[in-house]
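Remember, it's a predicted structure, so these values are computed and weren't measured experimentally. Ligands are counted one by one from 1 in listed order, and the atoms in each one are counted from 1 as well. Position 1 is the first residue of the sequence; numbering continues from there.
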Amino acid sequence: MKPKLVIVGASYAGLQLAASARESGHDGDIVLIGDEPHAPYQRPPLSKGFLTGGFAEERLPLRSPAFYGEMRIQ
Ligand SMILES: Cc1cc2nc3c(=O)[nH]c(=O)nc-3n(C[C@H](O)[C@H](O)[C@H](O)COP(=O)(O)OP(=O)(O)OC[C@H]3O[C@@H](n4cnc5c(N)ncnc54)[C@H](O)[C@@H]3O)c2cc1C
């Protein structure tokens, strides 16, 4: 049975851990658990360009939806 990796905290660190584990050869399930209603998103723009309309909401996600499928990250 392949080991499952469960990561609590779906932001920069958690997402990078998930991606790095997959890229390093982890072949079992990877489950990324967050407590926010959004997929992992960039935080710095929230207090900068996003407030003034210079940073579109569509650019906030750290990764595209396709990324999670390609990397098999749930
Ligand atoms: C508005 C804003 C502007 C910023 N600007 C800058 C900047 O200009 N430059 C800079 O270097 N840094 C900036 N930062 C800081 C930067 O965003 C953080 O350093 C970075 O987000 C840390 O990433 P992280 O993955 O370690 O933690 P976090 O981004 O804090 O992610 C932790 C995640 O874990 C989740 N979580 C926690 N406990 C649980 C639980 N029990 N169960 C499930 N989920 C849980 C949280 O909801 C969160 O989504 C900014 C932050 C904010 C909020």
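Taken to the nearest 0.5 Å, the NE2 atom of H26 stands 10.5 Å off from the OG atom of S24. Distance CG/L15 to CE/M71: 9.0 Å, rounded to 0.5 Å.
Residues Q42 and Y12 are in side-chain contact: their nearest non-hydrogen atoms beyond the backbone lie under 4.5 Å apart.
Taking a distance limit of 4.0 Å, we find that atom 11 (O) of ligand 1 is approached by no protein heavy atom. Using a 4.0 Å threshold on non-hydrogen atoms, atom 15 (C) of ligand 1 does not count as touching the protein. In this structure, atom 48 (C) of ligand 1 has a protein heavy-atom contact shorter than 4.0 Å. Remark: atom 7 (C) of ligand 1 lies closer than 4.0 Å to at least one protein heavy atom. Shown here, atom 23 (O) of ligand 1 is in close reach of the protein: a heavy atom of it lies under 4.0 Å off.
Ranking the protein heavy atoms by distance from atom 39 (C) of ligand 1 puts D35 OD2, 3.8 Å first. In terms of protein heavy atoms, atom 26 (O) of ligand 1 is closest to A13 CB, 3.8 Å. Considering only non-hydrogen protein atoms, atom 32 (C) of ligand 1 sits nearest to S11 CB, 3.9 Å. Given atom 5 (N) of ligand 1, the protein heavy atom at minimum distance is K48 NZ, 3.0 Å. Looking at atom 20 (C) of ligand 1, its nearest protein heavy atom turns out to be Y12 CD1, 3.6 Å. When only non-hydrogen protein atoms are considered, atom 34 (O) of ligand 1 lies nearest to G9 CA, 3.1 Å. For atom 17 (O) of ligand 1, the nearest protein heavy atom (residue, atom name, distance) is R43 CB, 3.3 Å.
Within the structure, salt bridge (charged side-chain N to carboxylate O under 4.0 Å, His left out) pairs that include any residue of residues 29-56 comprise E36-R43 (at least two apart or interchain).
Remark: K2 engages D27 in a salt bridge (charged side-chain N to carboxylate O under 4.0 Å, His left out) (not counting sequence neighbours).
Put simply, no part of Q42 is less than 4.0 Å from ligand 1, judged by heavy atoms.
Here V8 has side-chain heavy atoms under 4.0 Å from ligand 1, and that is the only part of it that gets that close.
Comparing P44, P40, S47, P45 by heavy-atom distance to atom 13 (C) of ligand 1, the nearest is P44.
Looking at R59, its side chain never comes within 3.5 Å of a backbone N or O of P45 through a donor-acceptor pair. In this structure, the side chain of R72 does not engage the main chain of I30 through any donor-acceptor pair within 3.5 Å.
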